[in-house]
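As structure tokens, the structure follows; a few thoughts come after it.
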Amino acid sequence: MSVKDDGRGTDTRVDEHGRVTKKPVMATKDLRFFDIPEAERLPDGHPRRGMSVVAALSEWLIHTNRRLNGSWSQRYEHGVPVTDLEPVGVDGTTGTCVSFLPDETLRSRWSLTAGDPARWSECWPDLTVRLDDQRDGGDRSGR
């Protein structure tokens, strides 16, 4: 599964030693929202938990970050980074793409249908959802 936006990308900087570093959004709790009862909820009423939860519940996750000053990718397995930030080709866009494979125990509990992502995204009117199911090689796209 992939989730992509066209924002400014995750904060990424070059440190005093010339190493590229990024905000650790995939491997740490977002303390602005985690375990704080009064924290703002998502439009669908669910609590915010941060991307670290998605990373931890995925067999693998690849975070690709495109900014004006460069683009990088990093792979995680069960929430733990297994690669450093690796440069990726600049394509003139900015934003973040998170691709992941939910853990097998989660995948076996339900079968995703074309209508599910659209239904889940109803609270975000500016969000476009596209399902391109490639599990069996066929193209069963839905919006």
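Computed from a predicted structure; not experimentally measured.
Rounding to the nearest 0.5 angstrom, the gap separating the OH atom in Tyr76 from the CH2 atom in Trp60 is 14.0 Å.
The shortest side-chain heavy-atom distance between Asp103 and His78 falls under the 4.5 Å cut-off. Residues Arg8 and Thr94 have side chains not in contact (no heavy-atom distance under 4.5 Å, counting atoms from C-beta outward).
For Glu86, the salt bridge (Lys or Arg N to Asp or Glu O under 4.0 Å) test picks out no residue, with sequence neighbours left out.
Of the candidates Asp84, Leu85, Val88, Leu85 is the only one forming a side-chain contact (heavy atoms from CB on, under 4.5 Å) with Trp72.
In this structure a side-chain-to-backbone donor-acceptor pair under 3.5 Å is present from Asp5 to Thr96. A distance-only check finds no donor-acceptor pair linking the side chain of Thr10 to the backbone of Asn65 [under 3.5 Å]. The closest donor-acceptor contact from the side chain of Arg66 to the backbone of Gly92 lies at 3.5 Å or more, if one exists at all. Here the side chain of Arg67 pairs a donor or acceptor atom with the backbone of Gly9 at under 3.5 angstrom.
Counting all heavy atoms, side chain and backbone alike, Ser73 lies closest to Thr64 at OG-OG1, 3.3 Å.
Remark: Asp6 CG is loosely packed, at most 12 non-hydrogen atoms of other residues, nucleotides or ligands lying under 6.0 Å away.
One hydrophobic cluster, built from ILVMFWY side chains closer than 4.5 Å, holds both Met1 and Leu61. Hydrophobic clustering of Ile, Leu, Val, Met, Phe, Trp and Tyr side chains at less than 4.5 Å, counting indirect connections, keeps Leu101 apart from Val82.
Taking Ile, Leu, Val, Met, Phe, Trp and Tyr as hydrophobic and joining them when side-chain heavy atoms fall under 4.5 Å apart, one finds Val90 isolated, its cluster having no other members.
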